[in-house]
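Taking it in order: structure first as structure tokens, then the write-up.
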Amino acid sequence: MNKVVLITGASSGMGKSTAYILKNQGYIVYGAARRMEEMQDLKSQGIHIVPLDLTKDDSIVSCVNTIIDKEGRIDILINNAGYGSYGTVEDVSIAEAKRQFEVNIFGLARITQLILPKMREHNYGRIVNISSMGGKVYLPLGAWYFATKHALEGWSDCLRLEVKPFGIDVVIVEPGGI
């Protein structure tokens, strides 16, 4: 049985590249992102595309339900969506800082919460959280972005311990500059 994969942030970069690679390896791939028009090339290659805005709970729920309704499960979740906003702590608005956390942590956490019950039911799952070397280091002008990635590192490590008894693995990927 082919594994079902959901990749968030599949409209560009690592998400889009990963979708192509996994499709070519025989996985059933769903790419999700806000910019549906940027995923039409994925669709033309047999990759399913789904709208997803990680700042809107109804969008997250709809994305997961669409896949579960069609496939009955999501075996692998690749939490790739995210962005970096840079500037001094003094100059970055709190609204921007909150949005950074909403996308990079809370939206990621919500989609994970929705997928975990099916993974537990099947006693299998893999959650791949795309962090950053920014989750281990710190530099001027990156306080808010690095804070989200440090939070993701700790959150992922705790989640790994919680779900291991259910056959679910949590992986953190820490790329450098992309």
Side-chain angles (χ1 to χ4, degrees), residues 2-56 59-60 62-64 66-67 74-87 92 96-112 114-115 125-157 159 169-178:
N2 292 353
K3 300 277 188 235
V4 178
V5 181
L6 169 58
I7 304 169
T8 69
S11 61
S12 64
M14 292 187 306
K16 184 174 271 196
S17 296
T18 301
Y20 281 124
I21 291 166
L22 293 179
K23 172 66 175 161
N24 289 337
Q25 292 179 356
Y27 291 86
I28 299 167
V29 179
Y30 283 80
R34 288 177 297 118
R35 298 174 301 167
M36 294 290 288
E37 70 280 2
E38 297 294 325
M39 295 191 294
Q40 293 306 309
D41 55 331
L42 295 176
K43 185 176 179 181
S44 72
Q45 296 299 310
I47 296 168
H48 307 278
I49 60 172
V50 203
L52 174 64
D53 183 336
L54 286 173
T55 66
K56 296 183 174 141
S59 177
I60 298 168
S62 177
C63 174
V64 171
T66 296
I67 300 167
I74 297 171
D75 301 302
I76 301 168
L77 169 62
I78 302 176
N79 281 314
N80 172 68
Y83 77 102
S85 178
Y86 294 89
V92 173
E96 172 58 23
K98 286 180 179 181
R99 185 173 190 286
Q100 184 114 143
F101 269 89
E102 191 65 39
V103 172
N104 292 0
I105 291 294
F106 297 118
L108 174 151
R110 179 65 174 136
I111 201 164
T112 301
L114 293 171
I115 291 170
R126 176 156 293 141
I127 299 165
V128 180
N129 291 328
I130 308 299
S131 182
S132 163
M133 66 177 194
K136 299 285 188 195
V137 301
Y138 40 89
L139 296 168
L141 308 179
W144 294 112
Y145 174 70
F146 290 161
T148 67
K149 294 306 181 177
H150 276 75
L152 179 56
E153 299 272 336
W155 186 86
S156 298
D157 290 343
L159 178 63
D169 189 23
V170 178
V171 178
I172 303 170
V173 178
E174 300 163 328
I178 302 295

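Note that the structure is a prediction, hence the values are computed from the model and not measured. Scope of the values below: all heavy atoms of this structure, side chains included, with no hydrogens, waters or symmetry mates.
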Verdict with reasoning, Gln100 to Thr148, per side-chain hydrogen bond (donor to acceptor under 3.5 Å, both in side chains)
CA-CA 7 Å; Gln100 184 114 143; Thr148 67; 4.6 Å; no

Worked check of side-chain contact (heavy atoms from CB on, under 4.5 Å) between Ile78 and Ile76
CA-CA 6 Å; Ile78 302 176; Ile76 301 168; 4.0 Å; yes

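The shortest side-chain heavy-atom distance between Phe106 and Leu54 does not fall under the 4.5 Å cut-off. Residues Thr55 and Val103 are in side-chain contact: their nearest non-hydrogen atoms beyond the backbone lie under 4.5 Å apart. Taking 4.5 Å as the limit, every side-chain heavy atom of Ile7 sits out of range of all side-chain heavy atoms of Leu77. Within the 4.5 Å cutoff, side-chain heavy atoms of Val171 are placed close to those of Arg126. The closest side-chain heavy-atom distance from Ile67 to Val4 is below 4.5 Å.
The minimum heavy-atom distance linking Lys149 with Ile130 is given by the pair NZ-O, 3.1 Å. Taking every heavy atom of both residues into account, Ile47 and Val29 meet most closely at CG2-O, 3.5 Å. In terms of heavy-atom proximity, Gly9 sits nearest to Ala81 at N-CB, 3.6 Å. Considering all non-hydrogen atoms of both residues, Gly82 and Asn104 come closest at CA-OD1, 3.1 Å. In plain terms, the two heavy atoms of Glu38 and Lys16 that are nearest each other are O-NZ, 2.6 Å. The shortest heavy-atom contact between Leu52 and Cys63 is CD1-CB, 4.0 Å.
No side-chain N or O of Asp53 forms a donor-acceptor pair with one of Ser59 less than 3.5 Å apart. Between the side chains of Asn79 and Thr112, a donor-acceptor pair is found at a separation under 3.5 Å. Ser85 and Glu96 form a side-chain donor-acceptor contact under 3.5 Å, judged by distance and modelled atom types alone. Side-chain contact check for Thr8 and Asn80: no donor-acceptor pair (N or O, by modelled atom type) lies under 3.5 Å.
No donor-acceptor pair closer than 3.5 Å links the side chain of Asn129 to the backbone N or O of Ile172.
Among residues two or more places apart in sequence or in another chain, the side chain to side chain contact (heavy atoms under 4.5 Å, CB included) test is passed with Ser12 by Arg35. Met36 is linked by a side chain to side chain contact (heavy atoms under 4.5 Å, CB included) to Met39, Ile49, Pro51, counting only residues two or more places apart in sequence or in another chain. The ring pair (Phe, Tyr, Trp, His ring centres under 6.0 Å) test applied to Tyr86 returns Tyr145, not counting sequence neighbours. Remark: His150 pairs with no residue by the ring pair (Phe, Tyr, Trp, His ring centres under 6.0 Å) rule, at least two apart or across chains. Partners of Tyr138 under the side chain to side chain contact (heavy atoms under 4.5 Å, CB included) rule, at least two apart in sequence or in another chain, are Phe146.
Rounded to the nearest 0.5 Å, atoms CD1 (Ile115) and CG (Asp75) are 10.5 Å apart. The CD atom of Gln45 sits 12.5 Å away from the CD atom of Gln40 when rounded to the nearest 0.5 Å. One distance of note links CD1 of Ile28 with NZ of Lys23; it measures 8.0 Å at 0.5 Å rounding. Distance check: Leu42 CG to Ser44 OG gives 7.5 Å after rounding to the nearest 0.5 Å.
Listed by first and then second residue, the ring pair (Phe, Tyr, Trp, His ring centres under 6.0 Å) pairs that reach into residues 21-42 are Tyr30-His48, sequence neighbours excluded.
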